[in-house]
Amino acid sequence: MARVLVVEDDPVVARVLEIALKRAGHEVQLAPDFPSAKGLLGGDWDAVILDLNLPGGFGLDLLRHLRQELGRKIPVFVLSGLKQEKTLLEALHLGAQDYLTKPFSPNELLLRLERYVAQG
């Protein structure tokens with residue numbers, strides 16, 4: 001079982017992610033906005049699923065904080081409605097493992113996640 005932090009402000013998308021991850025045997029913590037996510041990033045996570053447009057801030061700033069200030073190398077999967085190449089390239093440059101655009105397939109996300117997270 002992996003501990004996954006889901007940073008997503010849309011309650012419907014957050015619920016879909018929570019259900020899919022729990023069915024796959026993962027433990028899930030939801031963070032609905034930038035401030036709560038920033039406070040949780042220092043926790044013991046196996047992976048982070050990160051939306052970009054969040055109340056209170058931008059998801060790439062959370063990724064930058066995780067990598068540069070906290071020095072954490074945990075897998076981060078960006079899940080966003082932003083499809084611009086510039087945003088995708090910035091996310092990957094900052095160390096995201098993958099970038100999926102909405103709408104997305106929960107099963108595809110799980111398969112991508114499981115490449116990086118050991119099943120226990």
Pair E90 + R64, salt bridge at N-O below 4.0 Å: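 Looking at R64 together with E90, the answer is yes, because their closest N to O distance falls below 4.0 Å.
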Does [Y] offer a backbone N or O that forms a donor-acceptor pair with the side chain of [X] under 3.5 Å?
| X | Y | answer |
| --- | --- | --- |
| R3 | V28 | no |
| Q84 | K86 | no |
| R72 | G43 | yes |
| Q97 | V76 | yes |
| K83 | K102 | yes |
| W45 | A2 | no |

Full working for side chain to side chain contact (heavy atoms under 4.5 Å, CB included) between N53 and D9: CA-CA 8 Å; N53 286 325; D9 65 316; 5.8 Å; no
What closest approach, in Å, do [X] and [Y] show between heavy atoms, and which atom pair accounts for it?
| X | Y | result |
| --- | --- | --- |
| G42 | L70 | N-CD1, 4.1 Å |
| A31 | L5 | CB-CD1, 4.1 Å |
| P35 | P55 | CD-O, 3.7 Å |
| L21 | V6 | CD1-CG2, 3.6 Å |
| G59 | L50 | O-CD2, 3.3 Å |
| L41 | L66 | O-CD1, 3.9 Å |

Value rounded to 0.5 Å, distance of [atom1] in [X] from [atom2] in [Y]:
| X | Y | atom1 | atom2 | answer |
| --- | --- | --- | --- | --- |
| L113 | I49 | CG | CD1 | 5.5 Å |
| L54 | K38 | CG | NZ | 13.0 Å |
| L110 | H26 | CG | NE2 | 6.0 Å |
| E18 | R23 | CD | CZ | 11.5 Å |

Step-by-step side chain to side chain contact (heavy atoms under 4.5 Å, CB included) determination, F58 to L63: CA-CA 9 Å; F58 191 53; L63 179 55; over 6 Å; no
Check: F77 ring centroid to Y99 ring centroid under 6.0 Å: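 No; Y99 has its ring centre 6.0 Å or more from that of F77.
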V16 reachable from V48 in the ILVMFWY side-chain graph, under 4.5 Å edges: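 No.
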Step-by-step side chain to side chain contact (heavy atoms under 4.5 Å, CB included) determination, L30 to E8: CA-CA 7 Å; L30 300 176; E8 173 60 61; over 6 Å; no
Full working for side chain to side chain contact (heavy atoms under 4.5 Å, CB included) between L60 and L94: CA-CA 8 Å; L60 289 182; L94 287 170; 4.2 Å; yes
